[in-house]
Amino acid sequence: MASFTATSISLSTSFNKSLVPAGSRFSNPNSVSLSIKGTSFPSITLQPRAPPFQVTCAAKPETVEKVCNIVKKQLALPEDSSVTGESKFAALGADSLDTVEIVMGLEEEFGITVEEESAQSITTVQEAADMIDKLLETTEKKSA
């Protein structure tokens with residue numbers, strides 16, 4: 001681990017144009033140099049940064065559909081109500097007690113146990129479906 005102590009430090013992306021030969025172009029520097037009180041340090045070469053690797057797992061469509069049906073049932077919504085993966089429980093009229101009842105219905109339907117912390121973080125149908133598929137996958141791996 002490196003540490004640095006100084007009373008002042010200055011890093012600048014500006015440059016002295018008079019030092020650039022005529023006819024030269026300067027755009028997107030590919031290295032940075034640091035000089036503190038006349039002491040120069042080795043240059044750092046900048047490299048393009050790759051986007052972070054992400055893996056997203058969307059729940060199976062049938063899981064989302066089952067969750068939608070359970071939410072409709074628990075909130076006593078009309079059958080023709082539009083409930084999708086993006087539906088937020090609060091926007092559907094659910095309060096905290098309704099959310100607890102939804103989670104209990106999900107546990108019963110899917111034969112899972114949802115930790116209280118996880119239950120409190122679920123705000124949409126999609127989040128619930130994703131959590132269910134993840135729990136079911138974990139359960140299947142343990143029993144295999």
Check whether K72 reaches the backbone of V83 with its side chain - one donor and one acceptor, N or O, closer than 3.5 Å.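 Not at all, since once roles are kept as given, no pair shorter than 3.5 Å links the two residues.
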Can you check whether K66's main-chain N or O pairs, donor with acceptor, with N69's side chain at less than 3.5 Å?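 Not at all, since once roles are kept as given, no pair shorter than 3.5 Å links the two residues.
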How long is the straight-line distance from CE of M104 back to CD of Q74, given to the nearest 0.5 Å?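 The CE atom of M104 is 8.0 Å from CD of Q74, to the nearest 0.5 Å.
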How many angstroms lie between atom CD1 of I132 and atom NZ of K60, to the nearest 0.5 angstrom?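 Atom-to-atom, I132:CD1 and K60:NZ are 11.5 Å apart.
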Identify all side-chain donor-acceptor contacts of residues 108-121 below 3.5 Å with residues at least two apart in sequence or on another chain.
residue : atom : partner : partner atom : Å
E116    : OE2  : Q120    : NE2          : 3.2
S121    : OG   : S118    : O            : 2.8

At their closest point, which heavy atom of [X] faces which heavy atom of [Y], and how far apart are they?
| X | Y | result |
| --- | --- | --- |
| L75 | A94 | CD2-CB, 3.7 Å |
| L106 | A128 | CD1-CB, 4.0 Å |
| V125 | C68 | CG1-SG, 3.7 Å |

Tell me, do [X] and [Y] make a side-chain contact under 4.5 Å, heavy atoms counted?
| X | Y | value |
| --- | --- | --- |
| D130 | K134 | no |
| S87 | T84 | yes |
| V100 | S96 | no |
| T99 | I122 | no |
| V71 | F89 | yes |
| K37 | T39 | no |

Among all residues two or more places apart in sequence or in another chain, which pass the side chain to side chain donor-acceptor pair (under 3.5 Å) test with T63?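 Expected list: D133.
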Suppose we screen for side chain to side chain donor-acceptor pair (under 3.5 Å). Which residues come up paired with E127, at least two apart in sequence or across chains?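 Result, side chain to side chain donor-acceptor pair (under 3.5 Å) vs E127: T123.
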Trace of the side chain to side chain contact (heavy atoms under 4.5 Å, CB included) decision for Q126 with V64: CA-CA 6 Å; Q126 187 67 52; V64 176; 3.9 Å; yes
